[in-house]
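To find a chain, count down the sequence lines: A is the first, B the second, and so on, and within it residues start at 1. Just the heavy atoms: all of them, side chains too, but no hydrogens, waters or symmetry mates, feed the values below.
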Protein chains: 6
Amino acid sequence: MLRKDGRDNESLRDCVITLGVSKYAEGSCLIAMGDTQVQCTATVQEQVPRWRQDAEEGWVTGEYAMLPRATSERTDRESHRGHRQGRSMEIERLIGRSLRAVTDLKALGPRTILVDCDVLQADGGTRCASITGGYVALAQACRWLMNKKRVKTWPLTAQVAAISLGLVAGELMLDLAYEEDSRAAVDMNLVMTSRGGVVEVQATAEGEPFSVGQLGQMMTLGQKGLKQLLALQAEALAGLQS
Amino acid sequence: MLRKDGRDNESLRDCVITLGVSKYAEGSCLIAMGDTQVQCTATVQEQVPRWRQDAEEGWVTGEYAMLPRATSERTDRESHRGHRQGRSMEIERLIGRSLRAVTDLKALGPRTILVDCDVLQADGGTRCASITGGYVALAQACRWLMNKKRVKTWPLTAQVAAISLGLVAGELMLDLAYEEDSRAAVDMNLVMTSRGGVVEVQATAEGEPFSVGQLGQMMTLGQKGLKQLLALQAEALAGLQS
Amino acid sequence: MLRKDGRDNESLRDCVITLGVSKYAEGSCLIAMGDTQVQCTATVQEQVPRWRQDAEEGWVTGEYAMLPRATSERTDRESHRGHRQGRSMEIERLIGRSLRAVTDLKALGPRTILVDCDVLQADGGTRCASITGGYVALAQACRWLMNKKRVKTWPLTAQVAAISLGLVAGELMLDLAYEEDSRAAVDMNLVMTSRGGVVEVQATAEGEPFSVGQLGQMMTLGQKGLKQLLALQAEALAGLQS
Amino acid sequence: MLRKDGRDNESLRDCVITLGVSKYAEGSCLIAMGDTQVQCTATVQEQVPRWRQDAEEGWVTGEYAMLPRATSERTDRESHRGHRQGRSMEIERLIGRSLRAVTDLKALGPRTILVDCDVLQADGGTRCASITGGYVALAQACRWLMNKKRVKTWPLTAQVAAISLGLVAGELMLDLAYEEDSRAAVDMNLVMTSRGGVVEVQATAEGEPFSVGQLGQMMTLGQKGLKQLLALQAEALAGLQS
Amino acid sequence: MLRKDGRDNESLRDCVITLGVSKYAEGSCLIAMGDTQVQCTATVQEQVPRWRQDAEEGWVTGEYAMLPRATSERTDRESHRGHRQGRSMEIERLIGRSLRAVTDLKALGPRTILVDCDVLQADGGTRCASITGGYVALAQACRWLMNKKRVKTWPLTAQVAAISLGLVAGELMLDLAYEEDSRAAVDMNLVMTSRGGVVEVQATAEGEPFSVGQLGQMMTLGQKGLKQLLALQAEALAGLQS
Amino acid sequence: MLRKDGRDNESLRDCVITLGVSKYAEGSCLIAMGDTQVQCTATVQEQVPRWRQDAEEGWVTGEYAMLPRATSERTDRESHRGHRQGRSMEIERLIGRSLRAVTDLKALGPRTILVDCDVLQADGGTRCASITGGYVALAQACRWLMNKKRVKTWPLTAQVAAISLGLVAGELMLDLAYEEDSRAAVDMNLVMTSRGGVVEVQATAEGEPFSVGQLGQMMTLGQKGLKQLLALQAEALAGLQS
């Protein structure tokens with residue numbers, strides 16, 4: 001039996017990565033995973049956060065937000081509420097950790113690359129799309145730094161991508177759409193590099209806890225999806241002038 | 001002598017209005033004025049602000065924000081600063097007033113239409129593009145309400161659009177790009193309806209004050225530009241199923 | 001037919017400017033326009049905002065607030081709400097722009113004059129009274145700087161004043177009181193210098209849009225009122241020791 | 001030896017209480033103690049704070065703020081800092097307690113009287129002037145409620161006033177001006193009613209602690225000053241139509 | 001080779017759970033894991049969050065904070081900074097999810113149990129100690145509800161506990177102290193129930209990514225530690241009067 | 001007739017001061033006054049507040065907070081409300097003033113000692129316990145500075161302690177428990193040094209004002225209690241290695 005959009009359980013949604021959507025940013029792309037759309041822009045700043053100033057290394061960080069009507073029900077802007085939501089801050093921390101996991105901060109030198117991930121439309125998997133697209137924007141910004149001769153050694157050690165998956169109505173499904181995610185008993189986000197290393201695993205039981213065996217099955221399915229995403233990233237970046 | 005992008009002083013930039021960019025919103029469009037891009041989404045809420053609850057009328061309001069890297073230099077998110085900027089709030093008030101000027105709030109009934117204007121890329125004239133595109137999203141949301149039979153009488157009394165113009169290096173120019181705007185001695189925003197009524201005039205001397213005569217010339221040029229924008233709106237909305 | 005307070009449509013309310021109401025401020029006045037009362041104090045600060053530090057020029061800025069019971073219904077303090085209101089910030093930006101339009105920032109040198117406009121009682125036209133009174137406080141502070149020999153060239157290039165007017169019940173009226181303003185179909189603020197230059201025009205249709213012709217009539221009436229205010233400013237400042 | 005302004009140690013500064021300075025407030029006065037000027041307005045609200053709703057009693061509360069240039073050095077507005085200062089909140093709590101000490105909250109009925117104390121000019125003793133002037137505004141608002149027949153029994157049980165005093169350069173001085181206060185080794189605020197009851201004593205050693213005997217001397221001197229202030233209040237309110 | 005405190009790699013630190021440390025809370029304990037000390041108190045509130053009001057179920061949530069000097073370097077209070085930290089909010093969400101995973105919200109009925117986890121001293125593993133101790137406080141509050149006959153069916157379906165572990169200097173270690181955690185290449189938090197179900201897995205590469213095989217080894221070691229913690233919880237709660 | 005806990009009116013509750021409760025802080029104690037428990041930690045910071053930088057003296061300051069369930073009814077965290085409460089800020093100012101009154105800031109040198117007072121359980125008198133316990137933590141931090149040879153002269157000039165007392169049901173009572181405090185007609189906090197000097201007196205009529213004679217009686221009773229507290233402090237600190 002197929003899923004609403006005709007996919008089988010182990011398939012990704014259509015993933016399209018469009019480069020160069022910003023005329024200003026040092027790196028940018030629009031990543032679409034089905035109806036989920038995230039605009040990722042990388043900004044190079046010739047300074048590091050104050051608490052990193054003693055290290056002679058660079059820094060990579062991420063910011064994440066949704067347009068208010070990215071969702072089915074409109075969400076109030078965080079700036080209007082006057083405080084930030086825990087969910088956004090948790091996602092930003094995950095994006096930053098994931099991108100730093102493939103960056104040689106010494107090679108980057110004393111500068112920051114800030115990757116903004118703004119969700120234009122949300123249909124599940126926005127944090128994973130932010131990481132997958134964020135890597136593409138980061139890579140462009142690194143290429144820009146190399147071309148400007150501000151950085152001498154390529155500062156990225158691998159690609160990094162992320163995928164969501166879960167247990168929905170008793171079945172293991174890859175790349176959950178929002179409607180599937182809202183019914184999922186278990187929800188997992190897997191972040192891995194092109195070298196096969198795991199950067200982050202987060203698996204959460206929304207209802208019933210899951211078994212250690214199911215965790216293993218989810219790891220296997222997640223790796224399958226990530227292989228395809230890493231190939232799409234490579235393809236999107238292939239044309240990038242060096 | 002022509003302007004940087006080859007236009008003469010009395011020409012608009014290329015203006016493209018794309019409808020239906022959001023799968024969730026009751027109305028939506030992406031408006032591009034040259035490199036300025038604003039995503040406008042209209043949300044219908046079956047309630048009115050608390051301070052309007054006694055009136056049996058509806059309400060139309062706007063929100064405005066820029067993605068952090070919509071600009072040449074990245075701007076911090078308002079949610080991260082912890083306070084809203086005066087400029088954003090001033091623009092939101094202008095958008096709301098402009099859209100209400102063509103709305104029959106009684107006909108709309110006890111509901112709110114909230115128009116979000118999110119600037120994806122900024123190259124001058126973002127507040128005007130927000131009003132021009134915001135009207136298109138508002139009209140779609142009204143059509144949606146009519147189709148759903150929640151509203152019986154068409155609640156819009158006219159179209160509304162806005163244009164910026166100014167005095168740059170001694171010459172009157174229409175639809176200023178950012179680089180022109182930053183050099184302008186006088187900066188004017190004109191909001192008018194398709195019935196020829198003025199909704200709002202704001203003319204500001206950035207450097208030298210201007211004469212009453214120059215105000216008259218600016219009014220004439222502004223009206224010329226608005227005629228074209230109103231025609232583009234009508235065309236974009238023509239296909240809207242009734 | 002006369003207005004509530006016996007004025008005809010083209011008359012200002014009684015305007016009284018009292019100098020020296022603060023024993024501490026470098027410049028100060030209390031301006032009364034009918035029942036509207038605004039205390040304006042100018043503070044000289046021997047520094048400029050951080051983002052202006054590279055320019056070798058000075059800066060002039062304004063702040064605006066109302067006492068909570070300046071209005072018929074008490075208004076909560078902005079400090080108690082925890083956020084600033086859009087209206088206040090919009091007015092502050094207008095005050096700053098207006099005062100800078102008559103200031104030679106180079107002549108002022110690397111210092112800031114901050115003009116605080118605190119509304120003790122509000123009966124319409126508070127932003128205009130703030131500009132007209134704010135200029136008087138600014139001029140006193142400049143005189144103080146000249147006397148202290150901190151500034152060598154008189155840094156003001158002209159006087160600046162502001163007046164509100166509008167279309168109320170079909171009639172054009174000058175200097176609207178609050179009750180008139182609340183019924184106005186069109187509301188205009190005009191800021192001009194003593195040299196006849198326009199610094200700012202803001203005309204807003206609260207209900208029906210207005211015609212381009214009506215804008216012209218409002219410009220004429222506004223100039224008439226401003227001539228009187230500029231004379232009152234000059235008179236108030238005449239006694240100022242040089 | 002006399003003090004800077006010619007007073008002897010046991011004298012108050014000139015105290016002038018001007019009634020009716022606000023055309024909107026239910027009660028208002030301007031109180032001047034030397035160069036200290038506080039505008040006090042009383043607002044009647046036909047509701048009580050949420051946490052008092054079960055009691056069938058009223059509530060009296062105070063708010064306190066200074067205009068930014070009320071002081072010799074300009075102070076940033078609390079609304080611009082984004083947070084309130086401990087000092088202001090401490091003073092507000094004292095004003096509220098003092099006014100409630102002479103109010104029969106049952107007789108007041110289920111309504112709030114909010115007394116705003118806005119310091120126009122500060123030269124020491126602003127919290128005491130706020131209480132002394134605040135009582136006058138409160139009494140006027142109570143008279144207004146009686147006249148409107150909303151309240152049947154006079155809800156005030158006594159007058160209340162406050163005075164500062166301290167130990168300056170080894171001498172006990174009444175009603176400290178700012179310059180004296182800044183040199184004071186001990187600073188005391190005394191709040192008492194016209195019936196001779198103490199509502200609040202706050203005595204603080206700024207430098208050397210003081211003896212229990214000195215506390216007694218300060219109590220005696222404070223009472224002397226309060227007697228005069230209570231008489232001035234009574235005089236100011238004498239003309240109040242009942 | 002042993003660890004600093006003499007443990008071998010697969011051992012927990014001394015864990016002591018002291019019940020009833022609060023005379024007010026419906027449930028409370030102090031949990032010590034080595035030098036890490038967390039005070040957990042459970043508060044019963046006879047209402048549910050607004051957004052849950054339609055469901056006829058209860059809610060369980062957690063709050064997490066550290067005393068400022070719980071850490072080696074003092075940390076500013078979140079209340080003094082004016083905003084909350086992403087880390088705290090992420091931990092609060094994890095505590096809430098973990099406790100809800102073993103709660104039958106229908107059986108709990110329309111009330112909230114709020115578990116406050118306040119870290120008195122932090123030496124690594126504070127979020128895990130908060131979950132393990134939080135469960136104990138939650139269980140006491142449920143017992144209190146049963147005794148008061150407000151709840152008829154025991155609302156907890158299992159115990160829940162959490163443990164941290166990681167890869168430090170190439171070795172897999174259980175229950176990391178702060179100094180170990182700061183050197184860890186991989187950091188994992190595992191939350192499981194007494195029925196063997198996994199509620200949450202979070203594994204993060206701080207430096208080098210880890211392999212899928214290492215994830216399996218960490219799962220095995222984590223389960224070993226959790227078995228001991230679940231036994232300690234049971235023992236601590238054994239004396240609880242039913 | 002005895003009080004609820006069997007004390008007579010002039011007795012303190014059991015007061016226990018436990019040193020060294022924090023492994024990180026330069027000074028720390030847990031002070032229990034009956035069921036009131038406050039954890040006090042002193043942190044040495046090798047810098048002074050910006051506004052003190054010109055003085056070559058040190059600074060001592062206090063912070064005060066309650067755990068949310070320290071009270072019978074749970075109180076929301078200040079960090080969650082987004083603003084600080086007036087009561088907390090008033091108490092912090094009192095703690096700071098009291099501790100500075102016995103500190104020779106010159107001898108302390110250009111550094112800050114920050115004393116955190118966190119109320120674990122509140123049963124009345126928390127601000128007084130914070131001062132009494134805060135002194136003990138401060139003294140330990142000073143000893144630590146002496147031992148480290150960062151400070152040459154012992155920077156404390158005396159001990160300082162605080163006690164609450166009041167008029168409850170017509171009787172003068174020492175060291176009020178929460179239930180007594182809530183019924184008190186008069187509430188007094190007295191802060192004195194071991195040299196017999198008064199640092200601060202705050203006496204507040206919650207209901208009926210009190211007489212000048214009663215103030216004297218309260219001073220006498222307060223001194224009696226303070227003598228015992230000062231002795232307990234000395235005893236607790238006796239073992240402190242010099």
Side-chain angles (χ1 to χ4, degrees), chain C residues 20-30 32 34-47 61-85 88-89 92 112-123 137 141 177-178, chain D residues 20-30 32 34-47 61-85 88-89 92 112-123 137 141 177-178:
Chain C
V21 295
S22 160
K23 76 179 255 199
Y24 300 119
E26 283 72 58
S28 70
C29 75
L30 179 71
D35 281 335
T36 289
Q37 294 170 8
V38 184
Q39 179 159 326
C40 304
T41 56
T43 296
V44 173
Q45 297 175 324
E46 289 296 327
Q47 59 187 30
T61 186
E63 294 196 4
Y64 170 95
M66 291 205 289
L67 293 197
R69 198 56 199 276
T71 44
S72 171
E73 300 288 311
R74 186 177 181 279
T75 315
D76 283 348
R77 292 171 196 271
E78 292 188 331
S79 59
H80 285 226
R81 302 174 180 218
H83 66 272
R84 311 219 45 224
Q85 290 184 276
S88 302
M89 297 172 86
E92 290 187 355
T112 299
I113 302 182
L114 196 168
V115 179
D116 284 294
C117 302
D118 284 275
V119 180
L120 304 187
Q121 194 163 271
D123 189 22
Y178 178 74
Chain D
V21 296
S22 159
K23 74 181 259 199
Y24 300 121
E26 282 74 59
S28 70
C29 75
L30 179 72
D35 281 334
T36 288
Q37 294 171 9
V38 184
Q39 180 160 323
C40 305
T41 56
T43 296
V44 173
Q45 297 175 324
E46 288 296 328
Q47 58 188 27
T61 185
E63 294 194 4
Y64 171 94
M66 291 206 289
L67 293 198
R69 197 57 199 276
T71 43
S72 172
E73 299 289 310
R74 186 177 182 277
T75 316
D76 282 349
R77 292 170 194 272
E78 293 188 329
S79 60
H80 285 227
R81 303 174 181 219
H83 66 273
R84 308 218 50 225
Q85 290 184 275
S88 301
M89 298 171 86
E92 291 189 355
T112 299
I113 301 184
L114 196 169
V115 178
D116 285 294
C117 301
D118 284 275
V119 180
L120 304 188
Q121 196 163 270
D123 189 22
Y178 178 74

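- The contact between D:T71 and chain C is made entirely by backbone atoms, counting heavy-atom distances below 4.5 Å.
- Here D:E63 is the residue among D:E63, D:E78, D:Q39, D:Q121 with the most heavy-atom pairs under 4.5 Å with chain C.
- Salt bridge status for D:R69 with C:D116: absent, with no side-chain N to carboxylate O gap under 4.0 Å.
- Contacts between C:R84 and chain D at a heavy-atom distance below 4.5 Å involve the side chain alone, from C-beta outward.
- For C:E92 (side chain) and C:Y64 (main-chain N/O), a donor-acceptor pair under 3.5 Å exists by modelled atom type.
- Residues meeting the side chain to side chain contact (heavy atoms under 4.5 Å, CB included) test with C:E73, sequence neighbours left out: none.
- Between D:D76 and D:R74 the shortest side-chain heavy-atom distance falls below 4.5 Å.
- With a 4.5 Å cut-off on non-hydrogen atoms, C:L120 touches chain D through its backbone and its side chain both.
- Interface residue C:D118: only side-chain heavy atoms are found under 4.5 Å from chain D.
- Residues meeting the side chain to side chain contact (heavy atoms under 4.5 Å, CB included) test with D:A141, sequence neighbours left out: D:E26, D:A42, D:V44, D:I113.
- Only the side chain of D:T41 comes within contact range of chain C, with at least one heavy atom under 4.5 Å from a heavy atom of that chain.
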